[in-house]
Amino acid sequence: MAFFSPPLYSRGMRLRIAAVVLLLSAQTILAAPPVDRAAMAAKVRAEFLHSWKAYEQYAWGHDELRPISKQPRDWYGQSLLMTPVDSLDTLLLMGFHDEAEKAKTLIVDRLSFDKDISVKVFEVTIRLLGGLLSGYEMTGDPRLLHLADDLGTRLLPAFNSPTGMPYMYVNLRTGKTSGARSNPAEIGTLILEFGTLSKLTHKPVYFDKAKRAIVELYKRRSKLDLSGEEIDVETGAWVSKASHVGGGIDSYYEYLLKCSRLFNDSGCASMWKTTIAALNKHLADEAPSGFWYGEVNMDSGKRTASEFGALHAFLPAVLVLGGDVKRGRRLEESCFRMWTLRGIEPEVLDYRTMTIKEPGYQLRPEIVESAYYLHHATHDPRYLMMGQTFFDALVTHCRTDAGYTTLKSVVTMEKSDLMPSYFLAETLKYLYLLFAPESVLDLDKVVFNTEAHPLKRTWKVK
Ligand code: DMJ
């Protein structure tokens, strides 16, 4: 009896077989039908309308919709019209003119910031101030700018800390501040909106306060040019020295670059250059599973975690916008691996062990946004394929008969019960722009704020 089977084929034959298999798979990939952009744009548009109609039916006049219970949700007990303000420019871009007019009427008739509520400065700035400003720029309706100016004035007391970095919360009626422990994202993600407000109202105070805040934050970087995760705006001392590109820091980096583009600001350009060099040097991580950006201590540069998640996936877009297409492409491939691991990305993944740390999916846009920027820069159909994958998964797992919902887990695909306003402001907008003709929006003429509100590049500021 033989203890081994004789090889069926010689080495040369095996190599030839391997070559044929490779060729066949390449042909299969090449033969995959190209993504039908027009059909995909129409599908995304239809799903946006499905979501908007659900908001209209079950949550009209409120901040957000809970699509499973079909109930409204208000962030602070009273509505600030988060969904209508966040959605207005998407409605306009997608050509839903009647719906946009109805949303605008609701906003100008009903939105008042004279409310005794303590609001999160960052969230209200990126969603409401950003949405009102882009809405004004797209419609020319001065009432939207008036609302933005009123909101900006009510947010200004937030900057009255000893360092000039804003408190996390401010009471819209009394100006009382709270939340001295803040983070780079909430401090450094205000300059696009406050700067635009200055340009449109000719009141320099908005730009000056937000610029001082981002500069004061930058000044507190470590010797390695890194920032931590939490900082006290009264003492200026770091509370957490964990440095990464995820939630709590993410959009600070984004705004350094975008501030330089929107305002032609050389100070922001120089802060961005130093910062991205430090991220590439200390955070970028080559792992068996791909190219990632992990976590280090901001002083020592010592690695402290190998976590990456849905929020981190904004970085390919920012890398590409900053001219680094190579790193952007590589990182988006890793993000796509994170998405396809379970069919939808988790909130947090350990990229060394490829295990899921936080299994929820919050209908986040970042990975789609990055595919959009990469496709704009490269015209590589791979990003259309990625977009189609994202869209199909959203329809399969997150669609309900009343809009779309977040998931409790991408392992079980169990649904949660919320349609965050950014799903309409960002996730569906970036998906639509990925497939729609580029004439719908000229990316070179606008800068998107971190909530995907396009702000026009129509001025120059030193
Ligand atoms: C949005 O509000 C913004 O994109 C923000 O920068 C991060 N969080 C959500 C989307 O995930």
Side-chain angles (χ1 to χ4, degrees), residues 51 63-65 73 75 80-90 119-134 166 168 182-194 210 214 227 229 244-259 262 308-319 321 335 338-339 344-349 358 360-373 390 394 398 404-407 410 416 418-431 433 446-455:
S51 307
D63 281 336
E64 287 173 330
L65 166 66
R73 173 200 181 218
W75 287 32
L80 289 171
L81 299 183
M82 294 287 183
T83 294
V85 177
D86 237 0
S87 304
L88 179 58
D89 56 21
T90 315
V119 301
K120 239 183 173 207
V121 176
F122 162 78
E123 294 289 358
V124 162
T125 298
I126 65 169
R127 299 187 199 219
L128 296 182
L129 196 48
L132 289 169
L133 289 169
S134 65
M168 215 177 234
S182 190
N183 58 62
E186 308 212 16
I187 294 164
T189 312
L190 308 169
I191 183 80
L192 297 190
E193 299 81 358
F194 278 75
I214 203 167
S227 300
E229 190 181 50
H244 53 76
V245 301
I249 317 186
D250 45 8
S251 45
Y252 160 53
Y253 308 127
E254 177 185 346
Y255 272 35
L256 287 175
L257 173 64
K258 290 184 172 178
C259 156
L262 185 57
F308 193 98
L311 283 168
H312 299 64
F314 82 101
L315 191 55
V318 172
L319 286 166
L321 191 65
C335 294
M338 170 170 79
W339 183 280
I344 289 203
E345 65 185 2
E347 183 72 355
V348 182
L349 170 82
E358 287 180 37
Y361 173 60
Q362 310 303 327
L363 287 176
R364 292 202 190 278
E366 287 79 1
I367 195 168
V368 184
E369 175 183 359
S370 288
Y372 164 61
Y373 275 83
F390 302 145
L394 286 173
C398 304
Y404 278 70
T405 183
T406 51
L407 300 179
V410 297
S416 190
L418 185 65
M419 184 166 74
S421 67
Y422 59 71
F423 178 67
L424 301 173
E426 295 194 74
T427 314
L428 291 178
K429 183 189 282 146
Y430 283 127
L431 268 174
L433 291 176
V446 300
V447 171
F448 279 106
N449 88 335
T450 196
E451 189 78 1
H453 296 304
L455 302 171

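Position 1 is the first residue of the sequence; numbering continues from there. No hydrogens, no waters, no symmetry mates; every other heavy atom, side chains included, goes into these values. As the structure lists them, so they are numbered: ligands from 1, and atoms in each ligand from 1.
The side chain of P365, and not its backbone, has at least one atom closer than 4.0 Å to an atom of ligand 1 (non-hydrogen atoms only; side chain from C-beta on). Contacts between E426 and ligand 1 below 4.0 angstrom, taking non-hydrogen atoms only, involve the side chain exclusively.
Of the protein's non-hydrogen atoms, Y422 CD2, 3.7 Å is the one closest to atom 9 (C) of ligand 1. The protein non-hydrogen atom at the shortest distance from atom 2 (O) of ligand 1 is E451 OE1, 2.6 Å.
Annotation for F122 and A185: closest pair CD1-O, 3.7 Å, computed over non-hydrogen atoms.
For K258 (side chain) and L192 (main-chain N/O), no donor-acceptor pair under 3.5 Å exists by modelled atom type.
Checking only distances, D250 never comes within under 3.5 Å of ligand 1, N or O to N or O. For a threshold of 3.5 Å applied to N or O pairs, the pair formed by T450 and ligand 1 contains at least one separation below that value. For ligand 1, the polar-atom distance check finds an N/O of E366 within less than 3.5 Å of one of the ligand's N/O atoms. For ligand 1, none of its N or O atoms has an N or O atom of S251 under 3.5 Å away.
Close contacts between ligand 1 and L311 involve ligand atoms 7 (C), 8 (N), 11 (O) [criterion: under 4.0 Å to a heavy atom].
Note: F448 and Y430 have perpendicular aromatic rings, judged against thresholds of 30 and 60 degrees for the angle between ring planes.
In the model, D86 has a side-chain atom that pairs as donor or acceptor with a side-chain atom of H453 under 3.5 Å. Y422 and E123 are not linked by any side-chain donor-acceptor pair at a separation below 3.5 angstrom, with hydrogens and angles left out of the test.
The pair R127-E64 counts as a salt bridge, with a side-chain nitrogen and a carboxylate oxygen less than 4.0 angstrom apart.
The heavy atom nearest to atom 11 (O) of ligand 1, out of those in E347, R127, R364, is found in R364.
Checking each of E426, E347, E345 against R364 for a side-chain hydrogen bond (donor to acceptor under 3.5 Å, both in side chains) leaves exactly one that passes, namely E347.
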